[in-house]
Amino acid sequence: MTRATVILSKNRKKRIEEGHPWVYASEISKMDGEAQPGDIVDVLNHQGKYIASGFWNPASQITVRIVSYQTGIEMGTAFFRERFQRSADHRRRFVSDADCRLVYGEADYLPGLVVDRFGGVLVVQILTLGMDLRRDAIVQALIEVFAPQGIYERSDVGVRSLEGLEQRTGVLYGDCPRIVEITENGLKIEVDIVEGQKTGYFFDQRENRASIAPLMTGWGERSGIRLQDVPAEDGAGVKRVPVNPNGKEVTFPYWDGATVLECFAHTGSFTLHACQYGAKKVTCLDISEHAIDTARRNVARNGFEDRVEFVVADAFDYLRQQARGVDERTARAVVNREDGGKVDTSKKLTAGGGRTWDVVVLDPPAFTKTRGAVGGAVRGYKDINLHGMKLVNEGGYLVTASCSYHMKPELFLDTIQEAASDAGKLLRLVEWRAAGKDHPQLLGVSEGHYLKFAIFEVRSKR
């Protein structure tokens with residue numbers, strides 16, 4: 001049977017030839033032959049030259065999704081087995097943890113398919129009609145390549161409606177316990193594959209969470225603690241120990257650690273990493289009681305209970321309250337210094353709050369899913385970063401991220417710069433990162449470049 005062909009318009013941009021995997025309805029001149037939705041079609045330019053093959057869905061604005069640059073492709077079990085093996089080879093080379101994203105849609109040449117591994121369970125998310133029709137072949141190939149104990153589907157996302165698909169979840173194979181323990185950067189983390197966000201956990205920040213390690217120690221001197229040689233207990237020689245300004249030995253093992261605030265903590269992943277790398281005290285905040293309960297269990301799993309406090313609150317409100325307190329304390333101190341006296345503490349502060357930390361981590365959910373809502377997202381990012389950097393101790397660090405695709409890197413940085421200007425702060429960029437190596441990016445496909453992650457040193461202008 002002759003395969004149907006899609007003929008592209010003459011005056012379109014040459015995106016497909018440059019490797020972009022989406023053909024929009026507006027780029028198609030005509031279709032020769034017949035195809036059922038989800039069938040493979042060949043894509044030709046206006047001169048009839050073959051470009052690529054992909055599955056066709058006339059109900060979607062992305063009418064063809066490219067899966068191969070060789071004609072004659074068939075998407076059966078053998079096809080998926082080869083693609084999965086290729087994906088596995090990439091992770092084996094670049095990702096140290098077994099628990100990771102195994103398949104990342106278009107970036108693994110499998111448009112609309114996401115596969116995450118949590119312990120012995122694979123969680124699958126199917127977003128496109130072409131993949132949905134091939135669910136059985138996908139499952140069989142996953143079994144053959146990864147040998148999981150179970151496969152669970154989490155195709156409960158609204159974007160499926162754009163492909164004419166209903167949302168669905170459930171066990172596709174084997175045994176799928178709801179709660180699975182994974183390992184990330186040496187930490188034990190609980191994942192709820194049934195009710196957790198997205199597929200259950202956000203792997204894309206793995207390397208970014210590890211990058212905060214240098215920020216977590218080196219703070220003891222600010223508290224007046226220094227290392228000093230004292231006689232050893234056995235009288236033979238000396239030993240070097242931390243001592244406070246009174247010369248008394250400090251026995252708390254994390255005396256040199258940072259104080260850390262993690263906002264939008266979800267299950268507390270940055271909190272866990274902060275503790276692992278030596279933080280003295282961490283405030284773990286999320287608006288969801290359920291998320292904080294999970295964070296508590298994760299903290300207990302790793303033995304960090306003595307260094308973490310939990311707050312259930314709206315991050316915007318919490319940051320503003322603390323920042324108002326800081327502003328009030330600062331203003332009072334300035335007035336008293338100008339009078340040549342000490343700070344007057346007899347007058348009560350009215351704003352409340354006023355806490356500060358050595359490191360503030362802001363990892364919010366996406367503030368916009370559409371181009372039209374970017375203005376509101378900018379205001380949201382400016383708000384949290386402005387108030388967040390006010391809460392960073394002088395010379396401390398702001399760790400901030402955006403997972404909103406429509407918040408372009410330049411706009412994100414401009415927004416943070418505006419916030420710094422309004423806050424009277426100077427920011428020095430220490431690190432700029434994107435998603436981890438289990439979330440590869442195709443060059444020229446900007447839609448995959450969604451995650452922005454930055455570490456800034458924060459200092460006051462005055």
Side-chain angles (χ1 to χ4, degrees), residues 97 99-100 182-191 196-198 200-217 219 254 257-288 290-305 307-313 315 318-319 322 355-366 381 384-385 387-389 391-393 396-403 430-436 439 451-458:
D97 293 333
D99 300 308
C100 65
I182 67 169
T183 301
E184 178 180 278
N185 298 323
L187 292 159
K188 298 175 181 178
I189 300 173
E190 170 186 314
V191 174
Q197 293 187 31
K198 301 290 187 178
Y201 184 70
F202 299 105
F203 280 129
D204 54 1
Q205 293 265 40
R206 177 201 319 275
E207 287 92 336
N208 299 339
R209 288 188 273 260
S211 74
I212 69 171
L215 314 182
M216 293 300 114
T217 55
W219 302 93
Y254 303 102
T259 57
V260 181
L261 168 65
E262 181 192 9
C263 294
F264 310 97
H266 189 216
T267 55
S269 52
F270 276 100
T271 291
L272 298 176
H273 284 76
C275 288
Q276 176 171 255
Y277 299 137
K280 177 168 59 178
K281 189 72 174 180
V282 182
T283 304
C284 180
L285 181 148
D286 198 277
I287 194 171
S288 165
H290 178 267
I292 288 297
D293 286 343
T294 305
R296 287 181 193 275
R297 291 193 295 272
N298 282 331
V299 165
R301 247 186 184 89
N302 292 275
F304 300 145
E305 302 99 309
R307 286 185 283 152
V308 181
E309 62 174 348
F310 298 93
V311 177
V312 178
Y318 186 84
L319 290 169
Q322 302 304 324
R355 292 184 64 184
T356 58
W357 291 263
D358 298 321
V359 180
V360 172
V361 180
L362 305 175
D363 183 24
Y381 284 114
I384 62 169
N385 282 282
H387 293 107
M389 66 181 70
L391 306 183
V392 176
N393 291 327
Y397 297 91
L398 175 71
V399 179
T400 183
S402 167
C403 61
V430 175
E431 194 148 8
W432 176 258
R433 306 175 65 90
H439 289 65
L451 182 62
K452 285 78 60 180
F453 176 90
I455 299 176
F456 294 99
E457 181 192 69
V458 181

May I ask you to test the [X]-[Y] pair for a side-chain heavy-atom distance under 4.5 Å?
X      : Y      : value
Asp99  : Val191 : no
His387 : Tyr318 : no
Asp358 : Lys280 : no
Val299 : Leu272 : yes
Met216 : Tyr254 : no
Leu261 : Leu319 : yes
Phe456 : Met389 : no
Asn393 : Trp219 : no

For the side chain of [X] and the backbone of [Y], is there at least one donor-acceptor N/O pair under 3.5 Å apart?
X      : Y      : result
Glu262 : Val361 : no
Gln276 : Asn185 : yes
Asp286 : Ala265 : yes
Asn208 : Ala434 : yes
Arg307 : Ala279 : yes

Distance in Å, [X] [atom1] paired with [Y] [atom2], rounded so as to fall on 0.5 Å steps:
X      : Y      : atom1 : atom2 : answer
Tyr277 : Thr217 : OH    : OG1   : 12.0 Å
Glu207 : Arg433 : CD    : CZ    : 6.5 Å
Phe202 : Gln197 : CZ    : CD    : 4.5 Å
Leu451 : Asp363 : CG    : CG    : 7.5 Å
Leu398 : Leu391 : CG    : CG    : 10.0 Å
Glu457 : Leu215 : CD    : CG    : 10.5 Å

Practice item. Applying side-chain contact (heavy atoms from CB on, under 4.5 Å), run through Ile384 and Cys263 and close with a yes or a no. Key: CA-CA 10 Å; Ile384 62 169; Cys263 294; over 6 Å; no
Of all the heavy-atom pairs spanning [X] and [Y], show the shortest one and how long it is.
X      : Y      : result
Phe264 : Pro364 : CG-CA, 3.6 Å
Tyr201 : Ser269 : OH-CB, 3.5 Å
Cys284 : Ala295 : SG-CB, 4.0 Å

Check your understanding: Under 4.0 Å between a Lys/Arg side-chain N and an Asp/Glu carboxylate O for Arg301 and Glu190?
Key ->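 A salt bridge is present here (some side-chain N lies under 4.0 Å from a carboxylate O).
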Exercise for review: Step through the shown structure and confirm whether more than 12 heavy atoms of other residues, nucleotides or ligands are within 6.0 Å of NZ on Lys198.
Suggested key: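 Atom NZ in Lys198 is not packed in, count stays at 12 or less.
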